[in-house]
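Start at 1 with the first residue, then count along the sequence. The analysis underlying the following values was restricted to heavy atoms, covering all of them including side chains, and did not include hydrogens, waters or symmetry mates.
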Amino acid sequence: MRKYFGTDGIRGRVGTSPITPEFMLKLGWAAGQVFKEKDKKILIGKDTRISGYMFESALEAGIVAAGADVRLVGPMPTPAIAYLTRTFRASAGIVISASHNPYTDNGIKFFSAEGGKVSDDIEERIEYYLDQPMEVVESNLIGRAKRIDDAAGRYIEYCKGTFPIGLQLTGLKIVVDCADGATYHVAPRVFSELGADVVAIGIEPDGLNINETSGATKPELLQKTVLEEQADIGVALDGDGDRLILVDRHGVVRDGDDVLYVIAHHLMKTGRFSGGVVGTLMSNFGLELAFSESGIGFSRAAVGDRYVNERLVQHGWSLGGEPSGHIVCRSITTTGDGIIAALQVLLAMIEGGKALDELLTGFVKFPQKLRNIRVEERFVPTEVPALQKAIAIANERLNGLGRVLLRASGTEPLIRVMVEGRDDETVDELIEYLSKEVQAAIPK
(Lines give C-alpha, C1' and ligand atoms only; values in the text may rest on other atoms or scores of the structure.)
Protein backbone atom coordinates (compact mmCIF):
# COMPACT_ATOMS: atom_id res chain seq x y z
CA MET A 1 0.00 0.00 0.00
CA ARG A 2 1.30 3.43 -0.96
CA LYS A 3 0.88 6.25 1.53
CA TYR A 4 0.40 9.19 -0.82
CA PHE A 5 -0.16 7.90 -4.35
CA GLY A 6 -3.65 6.97 -5.56
CA THR A 7 -4.78 5.62 -8.93
CA ASP A 8 -3.69 8.80 -10.70
CA GLY A 9 -0.84 10.32 -8.74
CA ILE A 10 -1.27 12.43 -5.62
CA ARG A 11 -4.36 14.60 -5.30
CA GLY A 12 -6.26 16.54 -2.68
CA ARG A 13 -7.44 19.91 -1.42
CA VAL A 14 -4.94 22.77 -1.58
CA GLY A 15 -3.57 23.61 1.85
CA THR A 16 -4.55 20.25 3.31
CA SER A 17 -1.85 17.60 3.67
CA PRO A 18 -0.28 16.46 1.44
CA ILE A 19 -1.18 19.25 -1.00
CA THR A 20 0.97 21.88 0.72
CA PRO A 21 4.11 23.81 -0.32
CA GLU A 22 6.16 22.01 2.33
CA PHE A 23 5.20 18.61 1.00
CA MET A 24 5.81 19.64 -2.62
CA LEU A 25 9.31 20.80 -1.71
CA LYS A 26 10.06 17.40 -0.19
CA LEU A 27 8.33 15.60 -3.08
CA GLY A 28 10.52 17.44 -5.57
CA TRP A 29 13.60 16.43 -3.61
CA ALA A 30 12.44 12.79 -3.40
CA ALA A 31 11.69 12.71 -7.15
CA GLY A 32 15.11 14.23 -7.81
CA GLN A 33 16.75 11.47 -5.79
CA VAL A 34 14.96 8.78 -7.80
CA PHE A 35 15.19 10.16 -11.32
CA LYS A 36 18.68 11.68 -11.28
CA GLU A 37 20.05 8.14 -11.22
CA LYS A 38 19.14 7.85 -14.92
CA ASP A 39 19.39 11.44 -16.11
CA LYS A 40 19.53 14.80 -14.38
CA LYS A 41 16.67 16.44 -16.34
CA ILE A 42 13.03 16.58 -15.15
CA LEU A 43 10.20 18.41 -16.95
CA ILE A 44 7.48 20.26 -15.00
CA GLY A 45 4.16 21.32 -16.52
CA LYS A 46 0.88 22.42 -14.98
CA ASP A 47 -2.73 23.28 -15.71
CA THR A 48 -4.25 26.72 -15.15
CA ARG A 49 -5.33 26.60 -11.50
CA ILE A 50 -3.84 29.37 -9.38
CA SER A 51 -2.09 27.08 -6.90
CA GLY A 52 0.02 25.64 -9.72
CA TYR A 53 2.48 28.53 -9.56
CA MET A 54 3.09 27.92 -5.85
CA PHE A 55 3.64 24.20 -6.27
CA GLU A 56 5.77 24.66 -9.39
CA SER A 57 8.21 26.78 -7.40
CA ALA A 58 8.28 24.30 -4.51
CA LEU A 59 8.90 21.30 -6.77
CA GLU A 60 11.60 23.17 -8.67
CA ALA A 61 13.41 24.02 -5.43
CA GLY A 62 13.26 20.43 -4.21
CA ILE A 63 14.48 18.95 -7.48
CA VAL A 64 17.49 21.24 -7.85
CA ALA A 65 18.33 20.70 -4.15
CA ALA A 66 18.64 17.01 -4.97
CA GLY A 67 21.06 17.80 -7.77
CA ALA A 68 18.75 17.34 -10.77
CA ASP A 69 17.95 19.87 -13.50
CA VAL A 70 14.48 21.25 -14.23
CA ARG A 71 12.79 22.23 -17.49
CA LEU A 72 9.66 24.36 -17.03
CA VAL A 73 6.99 24.38 -19.75
CA GLY A 74 4.20 26.33 -18.01
CA PRO A 75 0.50 25.55 -18.59
CA MET A 76 0.33 22.51 -20.86
CA PRO A 77 -1.99 19.50 -21.22
CA THR A 78 -1.03 16.36 -19.32
CA PRO A 79 -0.50 14.32 -22.53
CA ALA A 80 1.75 17.10 -23.82
CA ILE A 81 4.06 16.53 -20.85
CA ALA A 82 4.18 12.82 -21.70
CA TYR A 83 5.19 13.72 -25.26
CA LEU A 84 7.69 16.44 -24.30
CA THR A 85 9.33 14.20 -21.71
CA ARG A 86 10.15 11.75 -24.50
CA THR A 87 11.29 14.33 -27.04
CA PHE A 88 13.52 16.19 -24.59
CA ARG A 89 15.01 12.87 -23.44
CA ALA A 90 14.18 13.77 -19.86
CA SER A 91 14.29 11.19 -17.09
CA ALA A 92 10.77 12.10 -15.94
CA GLY A 93 7.89 14.49 -16.42
CA ILE A 94 5.79 16.03 -13.66
CA VAL A 95 2.30 17.47 -14.15
CA ILE A 96 0.78 19.74 -11.52
CA SER A 97 -2.94 19.15 -11.97
CA ALA A 98 -6.07 17.82 -10.34
CA SER A 99 -7.52 16.98 -13.76
CA HIS A 100 -11.33 17.41 -13.71
CA ASN A 101 -11.49 18.55 -10.05
CA PRO A 102 -12.27 22.17 -9.06
CA TYR A 103 -9.55 24.79 -8.58
CA THR A 104 -9.57 24.22 -4.82
CA ASP A 105 -7.86 20.87 -5.46
CA ASN A 106 -4.50 20.12 -7.00
CA GLY A 107 -2.24 17.17 -7.48
CA ILE A 108 0.86 15.65 -9.03
CA LYS A 109 1.26 13.10 -11.82
CA PHE A 110 4.56 11.54 -12.87
CA PHE A 111 5.56 10.33 -16.32
CA SER A 112 8.49 8.06 -17.11
CA ALA A 113 11.20 8.79 -19.68
CA GLU A 114 9.15 6.71 -22.15
CA GLY A 115 6.08 8.93 -21.68
CA GLY A 116 3.96 6.50 -19.66
CA LYS A 117 2.69 6.74 -16.09
CA VAL A 118 5.42 5.62 -13.71
CA SER A 119 5.22 2.16 -12.17
CA ASP A 120 4.14 1.29 -8.65
CA ASP A 121 7.79 0.52 -7.89
CA ILE A 122 8.86 4.06 -8.80
CA GLU A 123 6.07 5.53 -6.68
CA GLU A 124 7.18 3.38 -3.77
CA ARG A 125 10.78 4.56 -4.19
CA ILE A 126 9.64 8.18 -4.17
CA GLU A 127 7.68 7.51 -1.00
CA TYR A 128 10.77 5.94 0.55
CA TYR A 129 12.71 9.17 0.06
CA LEU A 130 9.77 11.21 1.37
CA ASP A 131 10.39 9.53 4.73
CA GLN A 132 14.12 10.32 4.69
CA PRO A 133 15.74 13.54 5.95
CA MET A 134 16.16 16.09 3.18
CA GLU A 135 19.80 16.85 2.45
CA VAL A 136 20.89 19.45 -0.09
CA VAL A 137 23.75 18.52 -2.41
CA GLU A 138 26.98 20.52 -2.42
CA SER A 139 26.56 23.98 -3.96
CA ASN A 140 28.48 23.07 -7.11
CA LEU A 141 26.11 20.12 -7.67
CA ILE A 142 22.81 22.03 -7.32
CA GLY A 143 20.62 21.57 -10.38
CA ARG A 144 19.74 24.26 -12.90
CA ALA A 145 16.28 25.38 -14.04
CA LYS A 146 15.39 26.59 -17.53
CA ARG A 147 12.13 27.51 -19.21
CA ILE A 148 11.12 25.95 -22.55
CA ASP A 149 9.44 28.70 -24.57
CA ASP A 150 8.25 26.73 -27.60
CA ALA A 151 6.54 23.83 -25.80
CA ALA A 152 3.02 24.69 -27.01
CA GLY A 153 4.12 24.93 -30.64
CA ARG A 154 5.93 21.61 -30.44
CA TYR A 155 2.86 19.84 -29.08
CA ILE A 156 0.51 21.45 -31.62
CA GLU A 157 2.67 20.21 -34.48
CA TYR A 158 2.81 16.74 -32.89
CA CYS A 159 -1.00 16.55 -32.68
CA LYS A 160 -1.41 17.73 -36.27
CA GLY A 161 1.14 15.14 -37.34
CA THR A 162 -1.13 12.33 -36.12
CA PHE A 163 -3.69 13.29 -38.78
CA PRO A 164 -3.04 11.82 -42.26
CA ILE A 165 -1.18 14.09 -44.66
CA GLY A 166 -3.50 15.10 -47.48
CA LEU A 167 -6.62 15.13 -45.33
CA GLN A 168 -8.06 18.25 -43.75
CA LEU A 169 -10.98 19.25 -41.55
CA THR A 170 -12.17 21.78 -44.11
CA GLY A 171 -15.97 21.99 -44.18
CA LEU A 172 -16.41 20.89 -40.57
CA LYS A 173 -17.64 23.31 -37.93
CA ILE A 174 -16.33 22.28 -34.51
CA VAL A 175 -17.05 23.73 -31.09
CA VAL A 176 -14.02 23.17 -28.86
CA ASP A 177 -14.52 23.43 -25.08
CA CYS A 178 -11.24 23.72 -23.17
CA ALA A 179 -12.75 23.90 -19.65
CA ASP A 180 -10.67 27.05 -18.98
CA GLY A 181 -7.85 24.59 -18.49
CA ALA A 182 -4.50 23.58 -19.89
CA THR A 183 -5.63 23.17 -23.53
CA TYR A 184 -6.96 26.73 -23.87
CA HIS A 185 -4.01 27.88 -26.03
CA VAL A 186 -3.45 24.55 -27.81
CA ALA A 187 -6.64 22.71 -28.80
CA PRO A 188 -8.36 25.46 -30.86
CA ARG A 189 -5.18 25.94 -32.88
CA VAL A 190 -4.81 22.21 -33.64
CA PHE A 191 -8.29 21.96 -35.17
CA SER A 192 -8.23 25.33 -36.94
CA GLU A 193 -4.77 24.76 -38.44
CA LEU A 194 -6.11 21.48 -39.86
CA GLY A 195 -8.80 23.49 -41.65
CA ALA A 196 -11.85 23.34 -39.37
CA ASP A 197 -14.13 26.26 -38.64
CA VAL A 198 -13.57 26.43 -34.86
CA VAL A 199 -15.76 28.03 -32.22
CA ALA A 200 -13.77 27.98 -28.98
CA ILE A 201 -15.25 28.21 -25.49
CA GLY A 202 -13.68 27.77 -22.06
CA ILE A 203 -10.51 29.58 -23.18
CA GLU A 204 -10.31 32.36 -20.60
CA PRO A 205 -8.64 30.80 -17.55
CA ASP A 206 -8.26 33.06 -14.51
CA GLY A 207 -6.82 30.49 -12.10
CA LEU A 208 -10.19 29.93 -10.43
CA ASN A 209 -12.58 28.90 -13.20
CA ILE A 210 -11.01 25.63 -14.38
CA ASN A 211 -13.73 22.97 -14.87
CA GLU A 212 -16.24 25.37 -13.30
CA THR A 213 -18.92 25.82 -15.96
CA SER A 214 -17.62 23.88 -18.95
CA GLY A 215 -15.46 20.99 -20.07
CA ALA A 216 -15.76 17.21 -20.17
CA THR A 217 -17.52 16.98 -16.79
CA LYS A 218 -19.96 19.83 -17.55
CA PRO A 219 -21.00 19.48 -21.20
CA GLU A 220 -24.21 21.53 -20.95
CA LEU A 221 -22.64 24.72 -22.35
CA LEU A 222 -21.11 22.73 -25.19
CA GLN A 223 -24.48 21.17 -26.03
CA LYS A 224 -26.08 24.60 -26.14
CA THR A 225 -23.31 26.09 -28.27
CA VAL A 226 -23.30 23.21 -30.77
CA LEU A 227 -27.02 23.68 -31.38
CA GLU A 228 -26.77 27.48 -31.56
CA GLU A 229 -23.85 27.35 -33.97
CA GLN A 230 -25.32 24.45 -35.96
CA ALA A 231 -21.94 22.79 -35.61
CA ASP A 232 -21.06 19.33 -36.87
CA ILE A 233 -19.57 18.23 -33.56
CA GLY A 234 -18.56 19.48 -30.14
CA VAL A 235 -15.30 18.51 -28.45
CA ALA A 236 -15.09 18.80 -24.65
CA LEU A 237 -11.75 18.42 -22.87
CA ASP A 238 -11.19 18.44 -19.12
CA GLY A 239 -8.91 20.74 -17.16
CA ASP A 240 -5.70 18.93 -18.05
CA GLY A 241 -6.67 17.68 -21.49
CA ASP A 242 -6.50 13.91 -21.01
CA ARG A 243 -10.28 13.36 -21.20
CA LEU A 244 -12.61 13.67 -24.19
CA ILE A 245 -16.40 13.90 -24.26
CA LEU A 246 -18.18 14.62 -27.53
CA VAL A 247 -21.49 16.25 -28.46
CA ASP A 248 -23.05 15.28 -31.79
CA ARG A 249 -24.79 17.67 -34.19
CA HIS A 250 -28.12 17.06 -32.42
CA GLY A 251 -26.71 18.08 -29.02
CA VAL A 252 -26.47 14.53 -27.66
CA VAL A 253 -23.56 13.84 -25.30
CA ARG A 254 -21.31 10.96 -26.38
CA ASP A 255 -18.94 9.47 -23.81
CA GLY A 256 -15.74 7.44 -23.91
CA ASP A 257 -17.57 4.21 -24.77
CA ASP A 258 -18.99 5.90 -27.88
CA VAL A 259 -15.53 7.14 -28.81
CA LEU A 260 -14.05 3.63 -28.49
CA TYR A 261 -16.87 2.18 -30.59
CA VAL A 262 -16.36 4.71 -33.40
CA ILE A 263 -12.56 4.45 -33.50
CA ALA A 264 -12.46 0.64 -33.28
CA HIS A 265 -15.04 0.09 -36.02
CA HIS A 266 -13.44 2.65 -38.29
CA LEU A 267 -10.03 1.02 -37.89
CA MET A 268 -11.61 -2.35 -38.57
CA LYS A 269 -13.40 -1.17 -41.73
CA THR A 270 -10.22 0.40 -43.07
CA GLY A 271 -8.10 -2.65 -42.31
CA ARG A 272 -6.00 -0.88 -39.70
CA PHE A 273 -7.25 -2.76 -36.63
CA SER A 274 -5.69 -5.71 -34.88
CA GLY A 275 -6.21 -7.36 -31.51
CA GLY A 276 -8.93 -5.94 -29.31
CA VAL A 277 -10.06 -3.08 -27.11
CA VAL A 278 -9.46 -2.56 -23.40
CA GLY A 279 -12.23 -1.01 -21.33
CA THR A 280 -12.70 -0.85 -17.58
CA LEU A 281 -15.09 -2.11 -14.96
CA MET A 282 -17.18 0.99 -15.73
CA SER A 283 -17.49 0.31 -19.48
CA ASN A 284 -21.08 -0.27 -20.56
CA PHE A 285 -22.10 -3.89 -21.12
CA GLY A 286 -23.58 -2.79 -24.44
CA LEU A 287 -20.06 -1.94 -25.64
CA GLU A 288 -18.86 -5.42 -24.79
CA LEU A 289 -21.82 -6.95 -26.68
CA ALA A 290 -21.25 -4.69 -29.70
CA PHE A 291 -17.59 -5.67 -29.93
CA SER A 292 -18.47 -9.34 -29.50
CA GLU A 293 -20.93 -9.15 -32.39
CA SER A 294 -18.27 -7.48 -34.55
CA GLY A 295 -15.60 -10.03 -33.69
CA ILE A 296 -13.55 -7.49 -31.75
CA GLY A 297 -11.88 -8.72 -28.58
CA PHE A 298 -12.66 -6.88 -25.35
CA SER A 299 -10.98 -6.92 -21.96
CA ARG A 300 -11.80 -5.02 -18.76
CA ALA A 301 -9.11 -3.40 -16.63
CA ALA A 302 -9.38 -1.71 -13.25
CA VAL A 303 -10.60 1.89 -13.32
CA GLY A 304 -7.83 4.33 -14.24
CA ASP A 305 -6.04 5.03 -17.51
CA ARG A 306 -2.77 3.65 -16.14
CA TYR A 307 -4.45 0.25 -15.72
CA VAL A 308 -5.93 0.48 -19.22
CA ASN A 309 -2.43 1.15 -20.51
CA GLU A 310 -0.98 -1.78 -18.58
CA ARG A 311 -3.62 -4.14 -19.99
CA LEU A 312 -2.98 -2.87 -23.52
CA VAL A 313 0.72 -3.62 -23.15
CA GLN A 314 -0.07 -7.02 -21.67
CA HIS A 315 -2.28 -7.99 -24.65
CA GLY A 316 -0.25 -6.17 -27.27
CA TRP A 317 -3.33 -4.14 -28.26
CA SER A 318 -3.43 -0.46 -29.22
CA LEU A 319 -6.85 0.97 -28.25
CA GLY A 320 -8.46 1.35 -24.85
CA GLY A 321 -10.27 3.77 -22.61
CA GLU A 322 -12.89 4.66 -20.07
CA PRO A 323 -16.44 6.03 -20.25
CA SER A 324 -15.13 9.15 -18.49
CA GLY A 325 -13.22 9.99 -21.65
CA HIS A 326 -9.67 8.74 -21.06
CA ILE A 327 -8.89 7.30 -24.50
CA VAL A 328 -5.51 5.68 -25.15
CA CYS A 329 -4.40 5.23 -28.76
CA ARG A 330 -1.11 3.42 -28.21
CA SER A 331 -0.32 3.21 -31.89
CA ILE A 332 -0.04 7.01 -31.77
CA THR A 333 0.82 8.05 -28.22
CA THR A 334 1.61 6.65 -24.79
CA THR A 335 -1.19 8.00 -22.62
CA GLY A 336 -4.76 9.30 -22.67
CA ASP A 337 -4.98 12.33 -24.96
CA GLY A 338 -8.26 14.15 -25.58
CA ILE A 339 -7.09 16.07 -28.66
CA ILE A 340 -5.61 13.05 -30.40
CA ALA A 341 -8.67 10.90 -29.64
CA ALA A 342 -10.91 13.64 -31.07
CA LEU A 343 -8.82 13.69 -34.24
CA GLN A 344 -9.32 9.94 -34.61
CA VAL A 345 -13.10 10.38 -34.41
CA LEU A 346 -12.97 13.23 -36.93
CA LEU A 347 -10.92 10.98 -39.22
CA ALA A 348 -13.65 8.34 -38.99
CA MET A 349 -16.25 10.96 -39.90
CA ILE A 350 -14.27 12.21 -42.90
CA GLU A 351 -13.22 8.83 -44.29
CA GLY A 352 -16.62 7.31 -43.56
CA GLY A 353 -18.54 10.27 -44.96
CA LYS A 354 -20.91 10.20 -41.97
CA ALA A 355 -21.85 12.37 -39.01
CA LEU A 356 -20.98 11.20 -35.51
CA ASP A 357 -24.52 10.06 -34.73
CA GLU A 358 -24.59 8.04 -37.96
CA LEU A 359 -21.35 6.29 -37.02
CA LEU A 360 -23.04 5.21 -33.78
CA THR A 361 -26.14 3.75 -35.41
CA GLY A 362 -26.70 0.26 -34.03
CA PHE A 363 -24.72 0.79 -30.85
CA VAL A 364 -27.17 0.21 -28.00
CA LYS A 365 -26.11 0.80 -24.42
CA PHE A 366 -27.59 -0.79 -21.34
CA PRO A 367 -29.22 1.72 -18.96
CA GLN A 368 -26.54 2.67 -16.45
CA LYS A 369 -26.65 4.89 -13.38
CA LEU A 370 -23.69 6.14 -11.39
CA ARG A 371 -23.93 7.82 -8.01
CA ASN A 372 -21.08 9.33 -6.02
CA ILE A 373 -21.37 9.27 -2.23
CA ARG A 374 -18.98 11.56 -0.39
CA VAL A 375 -17.22 10.15 2.68
CA GLU A 376 -14.79 11.55 5.22
CA GLU A 377 -12.35 8.69 4.68
CA ARG A 378 -12.22 6.16 1.87
CA PHE A 379 -13.04 2.55 2.65
CA VAL A 380 -13.33 -0.59 0.55
CA PRO A 381 -17.08 -1.22 0.20
CA THR A 382 -16.67 -4.84 -0.93
CA GLU A 383 -15.00 -5.66 2.41
CA VAL A 384 -18.05 -4.57 4.42
CA PRO A 385 -20.32 -7.57 5.18
CA ALA A 386 -23.54 -5.55 4.92
CA LEU A 387 -22.53 -4.28 1.49
CA GLN A 388 -21.47 -7.75 0.36
CA LYS A 389 -25.00 -8.88 1.17
CA ALA A 390 -26.52 -5.87 -0.62
CA ILE A 391 -24.46 -6.57 -3.75
CA ALA A 392 -25.59 -10.20 -3.74
CA ILE A 393 -29.25 -9.14 -3.46
CA ALA A 394 -28.84 -6.67 -6.34
CA ASN A 395 -27.12 -9.25 -8.56
CA GLU A 396 -29.88 -11.75 -7.85
CA ARG A 397 -32.42 -9.15 -8.97
CA LEU A 398 -30.49 -8.52 -12.20
CA ASN A 399 -30.39 -12.26 -12.92
CA GLY A 400 -27.27 -12.07 -15.07
CA LEU A 401 -28.60 -9.24 -17.26
CA GLY A 402 -26.59 -6.40 -15.76
CA ARG A 403 -23.81 -5.46 -13.38
CA VAL A 404 -23.29 -3.87 -9.97
CA LEU A 405 -20.09 -2.10 -8.97
CA LEU A 406 -19.21 -0.48 -5.65
CA ARG A 407 -15.74 1.01 -5.38
CA ALA A 408 -13.77 3.73 -3.66
CA SER A 409 -12.59 6.53 -5.93
CA GLY A 410 -8.84 6.66 -6.30
CA THR A 411 -8.79 10.44 -6.74
CA GLU A 412 -11.54 11.83 -4.46
CA PRO A 413 -13.12 10.93 -1.09
CA LEU A 414 -16.04 9.20 -2.78
CA ILE A 415 -17.69 5.81 -2.93
CA ARG A 416 -18.92 5.21 -6.45
CA VAL A 417 -22.07 3.14 -6.92
CA MET A 418 -22.83 1.86 -10.41
CA VAL A 419 -25.79 -0.22 -11.57
CA GLU A 420 -26.36 -1.45 -15.11
CA GLY A 421 -29.35 -3.43 -16.34
CA ARG A 422 -31.79 -4.13 -19.13
CA ASP A 423 -34.42 -1.57 -18.06
CA ASP A 424 -34.44 1.85 -16.39
CA GLU A 425 -36.93 0.89 -13.69
CA THR A 426 -34.75 -1.88 -12.25
CA VAL A 427 -31.62 0.25 -12.47
CA ASP A 428 -33.32 3.15 -10.67
CA GLU A 429 -34.58 0.91 -7.89
CA LEU A 430 -31.21 -0.75 -7.35
CA ILE A 431 -29.19 2.48 -7.40
CA GLU A 432 -31.46 3.86 -4.66
CA TYR A 433 -31.21 0.66 -2.64
CA LEU A 434 -27.43 0.38 -2.87
CA SER A 435 -26.89 4.08 -2.19
CA LYS A 436 -28.86 3.83 1.04
CA GLU A 437 -26.88 0.75 2.05
CA VAL A 438 -23.59 2.55 1.41
CA GLN A 439 -24.77 5.57 3.45
CA ALA A 440 -25.65 3.25 6.31
CA ALA A 441 -22.26 1.52 6.10
CA ILE A 442 -20.15 4.69 6.29
CA PRO A 443 -17.95 4.45 9.41
CA LYS A 444 -19.21 6.83 12.07
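- Judged as a side-chain hydrogen bond (donor to acceptor under 3.5 Å, both in side chains), and not counting sequence neighbours, the contacts of Asp177 are Ser214.
- Listed by first and then second residue, the salt bridge (Lys or Arg N to Asp or Glu O under 4.0 Å) pairs that reach into residues 196-222 come to none, sequence neighbours excluded.
- Listed for the Arg49 side chain is a donor-acceptor partner under 3.5 Å among the backbone atoms of Asp105.
- The distance from atom OG1 of Thr85 to atom CD1 of Ile44, rounded to the nearest 0.5 Å, is 10.5 Å.
- Taking the six-membered ring where tryptophan is involved, the planes of His315 and Trp317 are essentially parallel, since the angle between them stays under 30° and well short of 60°.
- Between Arg306 and Asp120 there is a salt bridge, since at least one side-chain N of the basic residue sits less than 4.0 Å from a carboxylate O of the acidic one.
- Proximity of a side-chain donor or acceptor of Asp305 to a complementary backbone N or O of Val308 within less than 3.5 Å is not detected.
- Between the side chains of Arg11 and Asn106, no donor-acceptor pair of N or O atoms lies under 3.5 Å.
- By the 4.0 Å N-to-carboxylate-O rule, Lys46 lies close enough to Glu56 to be salt-bridged with it.
- Note that CD1 of Ile245 is 7.5 Å distant from CZ of Arg243, once rounded to the nearest 0.5 Å.
- From Ile233, atom CD1 reaches atom CZ of Arg249 across 11.0 Å, with rounding to the nearest 0.5 Å.
- Residues forming a side-chain hydrogen bond (donor to acceptor under 3.5 Å, both in side chains) with Ser112 (at least two apart in sequence, or on another chain): Glu114.
- Residues Asp337 and Tyr155 bring a donor and an acceptor atom of their side chains to less than 3.5 Å of each other.
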Solution key, residues 61-83 side-chain donor-acceptor pairs under 3.5 Å, sequence neighbours excluded:
from	atom 1	to	atom 2	distance (Å)
Asp69	OD1	Arg144	N	2.8
Thr78	OG1	Asp240	OD2	2.6

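- The CZ atom of Arg13 sits 11.0 Å away from atom CG of Asn101, with the distance rounded to the nearest 0.5 Å.
- Classified by interplanar angle (parallel below 30°, tilted 30° to 60°, perpendicular above 60°), the ring pair Tyr129/Trp29 is perpendicular.
- The side-chain hydrogen bond (donor to acceptor under 3.5 Å, both in side chains) test applied to Lys26 returns no partner, not counting sequence neighbours.
- Annotation: the span from Ile10 atom CD1 to Ile108 atom CD1 amounts to 7.0 Å, rounded to 0.5 Å.
- Residue pairs meeting the side-chain hydrogen bond (donor to acceptor under 3.5 Å, both in side chains) criterion with at least one member in residues 272-286, sequence neighbours excluded: Arg272-Glu351, Asn284-Glu420.
- Annotation: the span from Phe163 atom CZ to Gln168 atom CD amounts to 9.0 Å, rounded to 0.5 Å.
- In summary, of the residues considered (Leu244, Leu237, Ile156), a side-chain contact (heavy atoms from CB on, under 4.5 Å) with Ile339 occurs for Leu237 alone.
- Ser409 and Arg378 share no side-chain donor-acceptor pair at under 3.5 Å.
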